[in-house]
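Numbers restart at 1 for each chain; the letters A, B, ... are given by sequence-line order, proteins then strands.
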Protein chains: 2
Amino acid sequence: MGFQESFKALSDPTRREIIHLLKKEKLPVGEILAHFDMTGATISHHLSILKEAGLVTTEKKGKYIYYELNLSVVEEIMAWFSDLKEV
Amino acid sequence: MGFQESFKALSDPTRREIIHLLKKEKLPVGEILAHFDMTGATISHHLSILKEAGLVTTEKKGKYIYYELNLSVVEEIMAWFSDLKEV
DNA sequence: CATATATTTAGATGAATATCTAAATGTATG
DNA sequence: CATACATTTAGATATTCATCTAAATATATG
């Protein structure tokens with residue numbers, strides 16, 4: 001984790017869109033994939049980057065792996081921005 | 001401008017450090033440069049990316065060009081994050 | 001257990017990017 | 001105006017990265 005990984009992860013538009021999909025609910029890879037015109041391999045790669053950055057967590061449920069937004073990391077990033085405005 | 005450019009700009013550690021330097025005061029390129037172990041050409045490149053993204057503005061004063069943080073874009077980015085936490 | 005479905009891994013490719021050196025441009029001042 | 005200083009631009013290089021296809025792994029179910 002760390003800011004470098006977080007910001008890098010968020011610098012890609014596909015990954016930001018994934019983050020937005022996960023805003024409402026946790027989703028299995030297949031459902032995330034359905035929103036994009038890309039191969040599963042590519043989406044899997046993006047998901048792994050988001051996970052490395054701590055922006056999402058995973059949960060296995062039978063056949064599926066659910067990805068879920070990790071809001072605590074979002075908070076940390078917001079704190080970085082907030083700091084810019086102080087004093 | 002737009003989120004894509006902003007996030008890309010912030011995904012580089014040198015540029016984030018520049019942003020932090022500008023938190024307190026506007027600075028001429030030479031003073032920014034003094035904080036890094038890089039050539040002026042490289043720093044100039046980073047500054048142009050920050051400017052393209054709208055994260056900084058410039059002001060010419062005689063020999064010097066001052067770079068200044070643009071907090072309104074920072075606000076916009078924070079709003080993007082805030083949205084993730086709503087509903 | 002064999003087959004179908006879900007997801008990841010490996011390896012390759014082309015595009016984007018951070019950096020450098022060298023040169024160009026702009027501005028002040030002796 | 002000539003020289004020094006401040007900053008940017010051009011062109012090159014090496015690395016990173018998004019994407020693909022093909023193959024591997026894991027899990028459920030008939």
Side-chain angles (χ1 to χ4, degrees), chain A residues 1-22 25-70 73 77, chain B residues 1-22 25-70 73 77:
Chain A
M1 293 182 246
F3 285 119
Q4 182 55 21
E5 270 168 308
S6 304
F7 278 108
K8 270 261 183 69
L10 289 166
S11 75
D12 180 87
T14 299
R15 291 193 290 264
R16 285 199 305 282
E17 205 170 335
I18 291 172
I19 290 283
H20 246 106
L21 286 176
L22 299 178
E25 49 185 349
K26 62 182 77 166
L27 293 173
V29 178
E31 283 203 38
I32 296 169
L33 177 56
H35 284 80
F36 297 93
D37 192 21
M38 292 174 184
T39 65
T42 297
I43 293 298
S44 180
H45 170 246
H46 284 306
L47 289 171
S48 83
I49 288 173
L50 288 170
K51 191 174 176 184
E52 282 287 312
L55 283 159
V56 299
T57 56
T58 57
E59 189 185 344
K60 230 178 202 163
K61 265 201 170 159
K63 225 167 156 176
Y64 305 96
I65 298 176
Y66 283 79
Y67 278 76
E68 181 170 12
L69 187 55
N70 180 6
V73 170
I77 298 171
Chain B
M1 293 178 247
F3 284 120
Q4 182 54 21
E5 270 168 308
S6 304
F7 279 108
K8 271 261 184 71
L10 289 166
S11 75
D12 181 87
T14 299
R15 292 194 289 264
R16 284 199 305 282
E17 204 170 336
I18 291 173
I19 290 284
H20 246 107
L21 285 175
L22 299 179
E25 50 186 348
K26 62 183 78 169
L27 293 172
V29 178
E31 284 203 38
I32 296 169
L33 177 57
H35 284 80
F36 298 91
D37 191 22
M38 292 173 184
T39 66
T42 297
I43 293 299
S44 180
H45 170 246
H46 284 306
L47 289 171
S48 84
I49 288 172
L50 288 171
K51 192 174 176 186
E52 281 288 314
L55 284 159
V56 299
T57 56
T58 58
E59 189 185 343
K60 231 179 199 160
K61 264 200 171 162
K63 226 167 154 175
Y64 304 97
I65 298 175
Y66 283 80
Y67 278 76
E68 180 171 11
L69 187 55
N70 180 8
V73 170
I77 298 170

Colleague: With a 4.0 Å cut-off on heavy atoms, is K61(A) in touch with a base, just the backbone sugar-phosphate, or nothing at all?
Modeller: nothing
Colleague: Where do N or O atoms of nucleotides 20-25 of chain C meet protein N or O atoms at under 3.5 Å, pair by pair?
Modeller:
residue	atom	partner	partner atom	Å
dC20(C)	OP2	T39(B)	N	3.1
dC20(C)	OP2	T39(B)	OG1	3.2
dC20(C)	OP2	T42(B)	OG1	2.6

Colleague: NA contact type, K8(B), heavy-atom cut-off 4.0 Å: base, sugar-phosphate, or nothing?
Modeller: sugar-phosphate
Colleague: From C-beta outward on V29(A), which listed nucleotide comes closest to its side chain: dT8(C), dT19(D), dT8(D)?
Modeller: dT8(C)
Colleague: Tell me, do E17(A) and F36(A) make a side-chain contact under 4.5 Å, heavy atoms counted?
Modeller: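 Yes. Closest side-chain heavy atoms under 4.5 Å.
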Colleague: Looking only at side-chain atoms of S44(B), point me to the closest of dT8(C), dT8(D), dA18(C).
Modeller: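 Nucleotide nearest to S44(B)'s side chain: dT8(D).
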Colleague: Could you tell me the separation between the CD1 atom of I65(B) and the P atom of dT7(D), rounded to a whole number of Å?
Modeller: 6 Å
Colleague: With sugar-phosphate meaning primed atoms plus P, OP1 and OP2, does F36(B) contact a base, only sugar-phosphate, or nothing at under 4.0 Å between heavy atoms?
Modeller: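 It contacts nothing in the nucleic acid.
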Colleague: What's the shortest heavy-atom distance between A9(B) and L55(B), and which atoms?
Modeller: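 Of all heavy-atom pairs spanning A9(B) and L55(B), the closest is CB-CD1, 3.9 Å.
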Colleague: Write down the distance between CD (Q4(B)) and P (dA18(D)), rounded to a whole number of angstrom.
Modeller: 10 Å
Colleague: Find the distance Y64(A):OH to dT8(C):C1' and express it as a whole number of Å.
Modeller: 17 Å
Colleague: For H45(A) and dT7(C), give me the distance from atom NE2 to atom P, rounded to whole Å.
Modeller: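 In whole Å, dT7(C) P and H45(A) NE2 are 18 Å from each other.
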Colleague: Would you indicate whether E52(A), at its atom CD, is surrounded by more than 12 heavy atoms from other residues, nucleotides or ligands within a distance under 6.0 Å?
Modeller: no
Colleague: Do you know the tightest heavy-atom contact between I77(B) and F3(B)?
Modeller: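 Closest heavy-atom pair between I77(B) and F3(B): CA-CE2, 4.0 Å.
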Colleague: Quickly work out the R15(B) CZ to dT19(C) P distance and round it to whole Å.
Modeller: 8 Å
Colleague: What is the minimum heavy-atom distance between S6(B) and V73(B), and which atoms define it?
Modeller: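 Distance-wise, the nearest heavy atoms are OG-CG1, 4.1 Å.
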Colleague: With the side chain counted from C-beta on, respond yes when L50(A) and I19(A) share a heavy-atom pair under 4.5 Å apart, and no when they do not.
Modeller: yes
Colleague: Using heavy-atom distances to pick each residue's nearest nucleotide on DNA chain D, tell me which of K63(A) and H46(A) is more 5'.
Modeller: H46(A)
Colleague: Heavy atoms only, 4.0 Å cut-off, all strands: where does Y67(A) land among base, sugar-phosphate and nothing?
Modeller: sugar-phosphate
Colleague: Nearest whole Å is fine: how far is dA18(D) C1' from L50(A) CG?
Modeller: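 Between C1' of dA18(D) and CG of L50(A): 13 Å.
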Colleague: Whole-Å distance between dA6(D) C1' and I43(B) CD1?
Modeller: 14 Å
Colleague: When the distance from CG of D12(A) to P of dT16(D) is rounded to whole Å, what number comes out?
Modeller: 18 Å
Colleague: Tell me whether the side-chain N/O atoms of K60(B) come closer than 4.0 Å to OP1 or OP2 in dG26(C).
Modeller: no
Colleague: When V56(B) is tested against each of I18(B), L22(B), L47(B), N70(B) for side chain to side chain contact (heavy atoms under 4.5 Å, CB included), which residue passes?
Modeller: L22(B)
